[in-house]
Structures are given as structure tokens and as C-alpha cells.
Amino acid sequence: MSICDGFVGAIGQTPLIRLPRLSEETGCEILGKAEFMNPGGSVKDRAALAIVQAAERSGALRPGGTVVEGTAGNTGIGLAHICNARGYRCVIVIPETQSAEKIDLLRTLGAEVHTVPAAPYRDPGNYQRVAARMADGMENAIWAGQFDNTANRRGHYATTGAEIWQQTGGRVDAFIAATGTGGTLAGVSRALKERSGAVRAYLADPPGSALYHYVHRGEPAATAGNSITEGIGSSRVTANLQDTDIDDAFCIPDTESVPMVYRLLREEGLFLGSSSGVNVCGALRAARALGPGHTVVTVLCDGGGRYYARLFNPEWLAERGLA
Ligand code: PMP
């Protein structure tokens, strides 16, 4: 059975890729779930589909309806494709600080894109709050609400987590991921821990995010510094992340994750975005903490092609001391 039904049918069932160099270096099996191979190019295709399907099932979204979302990029890309394939209108609100490639791609895909100034979550001008208000004023429309809509983590529980268990034959000791909405980490860790209580779940967090301290102290509080990574890190505990059993957290600085993105390209042959660098650095830290002989799974979230202007621009990196 190798034919899948349309764009939506092609989401998921991604390969689990062993990273040979990094595995040899640690004596562990370091495995990356190849989410960049989803048809919309990222892990967020899964969340977008899970949210749309849940809204269709509940009757909130009917034929010809509109999907509105505030998104830093990848969820919007997934939604735009799914909306085209399903006959919905797609409206995206995005902070203007996001990369031009992502904004251009969304428009090319046919989404109606509104850029707004970057504002903190508590501000009514925050992109997610603007998106929620827009959907509220429309007929037959949903606000996808990926951060607090737990259809997101349920999608990862049912698909990503189940696939990792099946692909490893249950031989998995740890799962680690950076979070944006928390859907991936929450859904996958639940699915794995339910099958074996011995599986550990770890968070990889970029500097400036509040979740490293949340895992260690129980209260979110920003770590020092900042990060050029996109789509990850959070100032708050989302409904998706809430009540997730996380065993430990690692804070991964850009001086570690950016060189890893280049190692993945030059040594492993994988052209990936910045969050994948954070995730693989996290997997190495987890492997060192566990010791040789363990299997550590992480997520290769999206491809490098979305980051030419920054991560793959040597001058831009040099200006930030990351060349
Ligand atoms: N990496 C990238 C590139 C992303 O766009 C996102 C989602 N914003 C994540 C990682 C984190 O995934 P999640 O929202 O499931 O926590």
C-alpha cells in the first residue's frame, strides 16, 4: 500500500533517520524523526491537520469555511496547503519579525497574510490575539489556536508518538524536543511513556525561553540571553504543554546549535533549520547523561531552505558572532 490520498494523506509516516556520526560519537543510537519530509515541509503539518480534522468533526468548520491562525510560519504553511486541498480560505497573522521567506511562501500558497508588530502575549496586539479576534467576527470560521488547542498534542500522540514506538520496535530510552506550542513534546512523550514507563522525556530549550526553569523549578522564568532560532521557546506554559511529565531540560545556546546545523549538513548530509540543531544538541546531551547503549529520539523539524537570509547567510551570522 504505497499510494496515499491527496496532500492530507501524505502527512506523517516520516522516516526515522539514524545519525551515524553522532551515534558513533556518543555510543548511543541518535535517531531523528524526519518531519522536514512532510508534504508542507515541517512537523507542523501534523498539528495543522489534527486541528482542522477536530474542527470538522465537531462541526465548527463546515465546507467553504475559513481557518484563521496566528503563526510564526510553519503552522501557517501547513494550514495553507490543507486549506487549498480541502477548499477552505486561510487567513494568517504573523509577527513582522519573522523571515521574509516564510511570509513570501505563505502568500504564494494563497493564504491571506496580515503582518503585525511583534508584541508580548499579554498585549492585545499580539499576533495570536489578533487572529482570535478576526475569527470571532467571521461566519463559519475557526481560530486554529495551536498553542492551547489540545487537538495539536492529540495529533502527535496518535501519529508521531505511535510511529516512533513502532519504528524503534519499542527500543527507545529517551525522547527530546524543543517546544513552540509544546504539541510535539507533549503528544510524543505521552504516547511513549504510556507504552513504557521507563522512557524519559526531555526538553531542549533555547536561551531566553521560560521553560528550562519551568521544568527545573515548576515556575516559568526566562533564562538569560536570546536566540536566533525560530518557532521554538516560550514565555508561558501552553495548554498543550500543561501536565506533561518532563524528566529534565537542557538549555542549548546558539553557539552550540548553529554549528550543529552545519555539522548535520556537512557530516550527516541533512539540510535543516535551527530548531533541528537545538534538538540534536539536546539529543547529544541526553545521550551523555544516559551513557552509551541507549536510544535517543529527536525531531528534525524543518528544512534549511526556509532560512537562507539568516541561518545560512554567513554575513548575518558573523554580525552576531555565530560565523
Ligand atoms: N521547530 C519548528 C521549525 C517549528 O516551526 C516549531 C513549531 N512552532 C517547532 C519546532 C516546535 O513544535 P511544537 O509547536 O510542536 O512545540
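When a residue number appears, it is its place in the shown sequence, counting from 1. Predicted model, so just to flag it, every value in this text is computed and none were measured.
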Would you please say whether a donor-acceptor pair under 3.5 Å links the side chains of R190 and T244? yes
Quick check, are the ring centers of Y202 and F250 under 6.0 angstrom apart? yes
Are R263 and E25 close enough for a salt bridge, meaning some N to O gap below 4.0 Å? yes
Would you compute the distance between atom CD1 of I164 and atom OG1 of T14 and round it to the nearest 0.5 angstrom? 7.5 Å
Indicate the ring-plane relationship of Y308 and F271, choosing parallel, tilted or perpendicular according to the 30° and 60° boundaries. tilted
Give me the atom names and distance for the closest heavy-atom approach of C281 to M260. SG-CB, 3.5 Å
S42 and its side-chain contact (heavy atoms from CB on, under 4.5 Å) partner, picked from M37, E35, R306: R306
Apply the side chain to side chain donor-acceptor pair (under 3.5 Å) test between Y307 and each candidate in T229, D302, N313; give the one that qualifies. D302
Test: D148 and R236 ion pair at under 4.0 Å: yes
Taking the side chain as every heavy atom from C-beta outward, state whether N140 and T66 have any atom pair closer than 4.5 Å. no
Should the pair R107-E112 be classified as a salt bridge under the 4.0 Å nitrogen-to-oxygen rule? no
So which heavy atom on L290 is nearest to which on A174, and how close? CD1-CB, 3.9 Å
Are V258 and S274 side-chain neighbours, meaning at least one heavy-atom pair lies under 4.5 Å? no
Verify side chain to side chain contact (heavy atoms under 4.5 Å, CB included) between V199 and R195, making sure each step is shown before the conclusion. CA-CA 9 Å; V199 177; R195 288 165 172 85; over 6 Å; no
Closest heavy-atom contact between D254 and N226? OD2-O, 4.0 Å
Considering the options V297, T168, T295, V296, which one meets the side-chain contact (heavy atoms from CB on, under 4.5 Å) requirement together with E29? T295
Between E256 and R285 (salt bridge meaning N to carboxylate O under 4.0 Å), is one present in this structure? yes
Distance in Å, L109 CG paired with N84 CG, rounded so as to fall on 0.5 Å steps: 7.0 Å
Write down the atom of R310, the atom of T97, and the distance for their closest heavy-atom approach. NH2-O, 2.8 Å
Compare all side-chain heavy atoms of V280 with those of L300 and state whether any distance is below 4.5 angstrom. yes
Regarding K193 and D245, does a basic nitrogen lie under 4.0 Å from an acidic carboxylate oxygen? yes
Determine, step by step, whether Y88 and I82 satisfy the side chain to side chain contact (heavy atoms under 4.5 Å, CB included) criterion, reporting the C-alpha distance in whole Å, the side-chain angles of both residues, the deciding distance to 0.1 Å, and the verdict. CA-CA 8 Å; Y88 301 125; I82 292 165; 5.6 Å; no
Apply salt bridge (Lys or Arg N to Asp or Glu O under 4.0 Å) to residues D248 and R200 and explain how you reach the verdict. CA-CA 8 Å; D248 204 353; R200 293 165 186 90; over 6 Å; no
Does R171 CZ have over 12 foreign heavy atoms under 6.0 Å away? no
Going by an N to O cut-off under 4.0 Å, is there a salt bridge joining E163 and K33? yes
Positive for side chain to side chain donor-acceptor pair (under 3.5 Å) with Q146, one of T75, T181, T238: T75
Would you compute the distance between atom CG of L264 and atom CG of L270 and round it to the nearest 0.5 angstrom? 6.5 Å
